[in-house]
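I have placed the structure first, in the form of structure tokens, so that the comments after it can refer back to it.
So you know, we letter chains A, B, ... as the sequences are listed, proteins then strands, and number each from 1.
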Amino acid sequence: MEAFTKLTGLVAPLDRSNVDTDAIIPKQFLKSIKRTGFGPNLFDEWRYLDHGEPGMDNSTRPLNPDFVLNQPRYEGAEILLARTNFGCGSSREHAPWALLDYGFRCVIAPSFADIFFNNCFKNGILPIVLEEKIVDRLFAEAAANEGYRLTVDLEAETITLPDGDVINFDVEPDRKHSLYHGLDDIGITLQQADAIATYEERRRKQVPWLFND
Amino acid sequence: MAGKTLYDKLWDDHLVAENPDGSALIYIDRQLLHEVTSPQAFEGLRLADRKPRRIDANLATPDHNVPTTSRAQGIDDPVSRIQVNTLDANCTEYGITEFTMSDTRQGIVHVVGPEQGYTLPGITMVCGDSHTATHGAFGTLAFGIGTSEVEHVLATQCLRQKKMKNMLVKVDGKLGHGVTAKDIVLAVIGKTGTAGGSGHAIEFAGSAIMDLSMEARMTICNMAIEAGARVGMVAVDQKTIDYVKGRPFAPKGEDWDAAVAAWQDLHSDPDAEFDTVVELRAEDIEPQVTWGTSPEMVVPVSARVPDPAAETNLIKKEGMDRALAYMGLKANMAVGDIPLDRVFIGSCTNSRIEDLREAAEVARGRQVADSIKQAMVVPGSGLVKAQAEAEGLDKIFLEAGFEWREPGCSMCLAMNADRLEPGEHCASTSNRNFEGRQGQGGRTHLVSPAMAAAAAVHGRFVDIRDLEPVQEH
Ligand code: SF4
């Protein structure tokens, strides 16, 4: 996983609440057995005017000019600004894979669905929860200023606005540590192999019917 | 000190380590695998040169991509075929038990787990699927995870977790005739909203819940995720134990007696404290129908489609406007006037034998309306299908003009060939009415199995409570 330290990136505002993972990456693309290549199909049903299927040449498909990411001013955006309950619905990790593959490294919203939030951290994406009032302000500023960029500093847990204002955010220490150093969670857990083995032995005695090896 | 909730007990019982940074390592007793969220996990293991820690703690079956028409020819869609073949190959390589597409035990993971007694009270269970909450009906700590976590569980048999908050959803009283578990859970979501349970483990309790069968409890826990919660649970009682007894993976003999003794404590203590409490009266719950593109956009069948003009919250109002436009509906129209094109009875919410019995009861002696292009019944597993056929339910459906299919997720998410055409309305017993969920441009209305069957025969939504009995002849 790529580490996330500090990012200054263009902001794209997606002004809808309850954006579900089916919308982020529609099911027909979940048939892939890879982790990459989902970017061109991020928000597929909103982004294109035709119906997308795996294997299509996305560069020749008709774009929906009304969809925010299709506006030239948001090309190359790395920070997605979103509304409440972003990432609700299915647990598909294809959703953060698609966001990452498209180029997003950070999503800011007033709230996230739990599984999606968790999945982001496993893939080098920083989801930031901010108060609704602050998110409203960012939406207004992003809309009013072309080329609106924010600087997200994970170490300091701050977002710096173009006018120099600084907003603080919180991130849980263990998640921060993994993301900041780009660590593999399994590797971290395996450092506790002794504790796992001890627990497992006890469990095997307590509930032998769960062990069929 | 206050007593413990059911969730507290399950959590404490599976705690491997508490880390200084505030996270915890919890032990996972069993994992379910399906073809969509596992290939990258197995690939990850291979790339890191790791092996599954406990082969016996995994059970696999393909469900999302499988065709619901005859299996004899295999899968037409080459991309779906690769995914299902990949699951088969991974399970063979590692020696993981799999019910393959041609096995009668194959089905939707959340139907298969309980049916096989693989789901047991007091265990932790995960699956790369958000509806894993279903298994909480057994006093099981069960939740959906992403693919990285599937890999993590394969490699370590553990997960790094933060403890969630406790939420109690209490439904007391007696349900009205024709009102089902699906209506309860839709009514709950209507009340809490789809983010109401975020960060919480929900326990469903109260006399109306404990009066329900195990299958109905599964329907309720299944949709905890639509209330924003990863976990939905019901305390263990005699019904739970009776349901599990004798199933293939359930403990036997002395183990069984020890297990039953251990399960007696799987309920919240009387003095346990919950962070959030929601209460409903069963008598107040009517059959529910969703009108919009989020499960919280739900009304009683007797009501009208809400008017965004009456909504004061601007963001909510815009969401409602957008939903009405997508659904092609008008504010204030009667639910009974919503046009319908197709009917889908199935999914991990409502494809168990009781669901099919309820739907068949309505279909018996009636005919699917001419205006309905297709009404399909998709059993949750091969065993549910066989049971339904033994009871003659397939005949009832077929005579009424329904299609009778092979088991799988089917039109719940339309990853296989079963899907809506753009603009079509569907009365569906599944759990999500998101835009495009059942096919691009498709319009989903979530209802109970009986309501779906009644909608099929009338060609529109009717109040199941008003349905006249069919004359015997
Ligand atoms: S039936 Fe639907 S909700 Fe359930 S596991 Fe399958 S796709 Fe997911």
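Remark: B:K316 NZ is loosely packed, at most 12 non-hydrogen atoms of other residues, nucleotides or ligands lying under 6.0 Å away. By the neighbour-count criterion of 12 heavy atoms within 6.0 Å, atom CG of A:D170 is sparsely surrounded, having that number or fewer from other residues, nucleotides or ligands. The 12-atom threshold is exceeded at NZ of A:K176, counting heavy atoms of other residues, nucleotides or ligands nearer than 6.0 Å.
For the options B:H131, B:E296, B:R54, heavy-atom pairs under 4.5 Å to chain A are most numerous at B:R54. When the candidates A:S32, A:P26, A:S91 are compared by the number of heavy-atom contacts under 4.5 Å with chain B, A:S91 comes out ahead. For the options A:D184, A:T84, A:T198, heavy-atom pairs under 4.5 Å to chain B are most numerous at A:D184. When the candidates B:T37, B:D129, B:I225 are compared by the number of heavy-atom contacts under 4.5 Å with chain A, B:D129 comes out ahead. For the set A:D15, A:N123, A:N119, the count of heavy-atom pairs under 4.5 angstrom toward chain B peaks at A:N119. Ranked by heavy-atom pairs shorter than 4.5 Å toward chain B, the options A:I188, A:D44, A:V207 are led by A:I188. Counting heavy-atom pairs under 4.5 Å between each of B:V84, B:N19, B:I82 and chain A puts B:N19 at the top. For the options A:P208, A:G89, A:A193, heavy-atom pairs under 4.5 Å to chain B are most numerous at A:G89.
Taking the side chain as every heavy atom from C-beta outward, B:K162 and A:D174 approach each other to under 4.5 Å. Two residues are said to be in side-chain contact when any heavy atoms from C-beta on lie closer than 4.5 Å; B:I145 and A:K122 fail this criterion. With a 4.5 Å cut-off on side-chain heavy atoms, A:I115 and B:R230 count as touching. In this structure, A:I196 and B:R53 have side chains that are in contact, with non-hydrogen atoms separated by less than 4.5 Å. Between A:Q28 and B:V79 the shortest side-chain heavy-atom distance does not fall below 4.5 Å.
No salt bridge links B:E43 with A:R35; every basic N to acidic carboxylate O contact stays at or beyond 4.0 Å. Of the charged side-chain nitrogens involved, none lies within less than 4.0 Å of a carboxylate oxygen, so that B:R432 and A:D20 do not count as a salt-bridged pair. Salt bridge B:E435/A:R16: present, at least one basic N to carboxylate O contact under 4.0 Å.
Residue contact with chain A, scored on non-hydrogen atoms closer than 4.5 Å, involves the side chain of B:R419 exclusively. With a 4.5 Å cut-off on non-hydrogen atoms, B:A57 does not touch chain A at all. Contacts of A:N18 with chain B are made by side-chain atoms alone, with heavy-atom separations under 4.5 Å and no backbone atom involved. For B:Q157, the part lying under 4.5 angstrom from a heavy atom of chain A is the side chain only. Contact of A:D50 with chain B is made through the backbone alone, with heavy-atom distances under 4.5 Å. With a threshold of 4.5 angstrom between heavy atoms, B:T86 approaches chain A through side-chain atoms but not through N, CA, C or O. Heavy-atom distances place no part of A:S111 under 4.5 Å from chain B, backbone and side chain included. For chain A, no part of B:K252 is nearby; none of its heavy atoms comes within less than 4.5 Å. Contacts of B:E35 with chain A are absent, with no heavy-atom separation under 4.5 Å from either backbone or side chain. Of the two parts of A:K34, only the backbone, made up of N, CA, C and O, holds a non-hydrogen atom closer than 4.5 Å to a non-hydrogen atom of chain B. If you measure heavy-atom distances from A:D213 to chain B, the contacts under 4.5 Å come from both the backbone and the side chain. At a 4.5 Å heavy-atom cutoff, the contact between A:A195 and chain B is made by backbone and side-chain atoms alike. Contact of A:D185 with chain B is made through backbone and side chain together, with heavy-atom distances under 4.5 Å.
Each of B:L159, B:L25, B:V16 was scored for a side chain to side chain contact (heavy atoms under 4.5 Å, CB included) with A:T189, with one residue passing: B:L25.
Under the 3.5 Å distance criterion, the side-chain polar atoms of A:D114 are matched with a main-chain donor or acceptor of B:G199. Listed for the A:K31 side chain is a donor-acceptor partner under 3.5 Å among the backbone atoms of B:M415. A donor-acceptor pair is defined here as one N or O able to donate and one able to accept, closer than 3.5 Å; such a pair exists between the side chain of A:K27 and the backbone of B:G436.
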side-chain contact (heavy atoms from CB on, under 4.5 Å) between B:Q40 and A:H94, intermediate numbers included
CA-CA 10 Å; B:Q40 296 88 349; A:H94 312 68; 3.9 Å; yes

Applying side-chain contact (heavy atoms from CB on, under 4.5 Å), run through B:D77 and A:E53 and close with a yes or a no.
CA-CA 12 Å; B:D77 176 353; A:E53 282 294 333; 5.9 Å; no

Residue pair B:V150, A:E93: steps toward the side-chain contact (heavy atoms from CB on, under 4.5 Å) verdict
CA-CA 10 Å; B:V150 171; A:E93 201 157 316; over 6 Å; no

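Within the model, atoms CZ of B:R160 and CZ of A:R175 stand 11.0 Å from one another, a figure rounded to the nearest 0.5 Å. How far OG of A:S90 is from NE2 of B:H64: 7.5 Å, rounded to the nearest 0.5 Å. Within the model, atoms OG1 of B:T194 and CG of A:N85 stand 5.0 Å from one another, a figure rounded to the nearest 0.5 Å. Distance CZ/B:R30 to CG/A:N212: 6.0 Å, rounded to 0.5 Å. Remark: B:S130 OG to A:F116 CZ distance equals 14.0 Å, nearest 0.5 Å. Interatomic distance, B:L314 CG to A:D136 CG, rounded to the nearest 0.5 Å: 10.0 Å.
Donor-acceptor pairing under 3.5 Å is lacking for the side chains of A:Q206 and B:D13. For the 3.5 Å distance criterion, the side chains of A:E172 and B:S23 fail to qualify, holding no donor opposite an acceptor.
Residue pairs that meet the ring-ring contact (aromatic ring centres under 6.0 Å, His included) test with at least one member in residues 190-212 of chain A, sequence neighbours left out, are A:Y199-B:Y27.
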Just list the side-chain donor-acceptor pairs under 3.5 Å for residues 254-262 of chain B, sequence neighbours left out, or say none.
none

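Residues B:D56 and A:L210 come closest through the heavy atom pair OD2-O, 3.8 Å.
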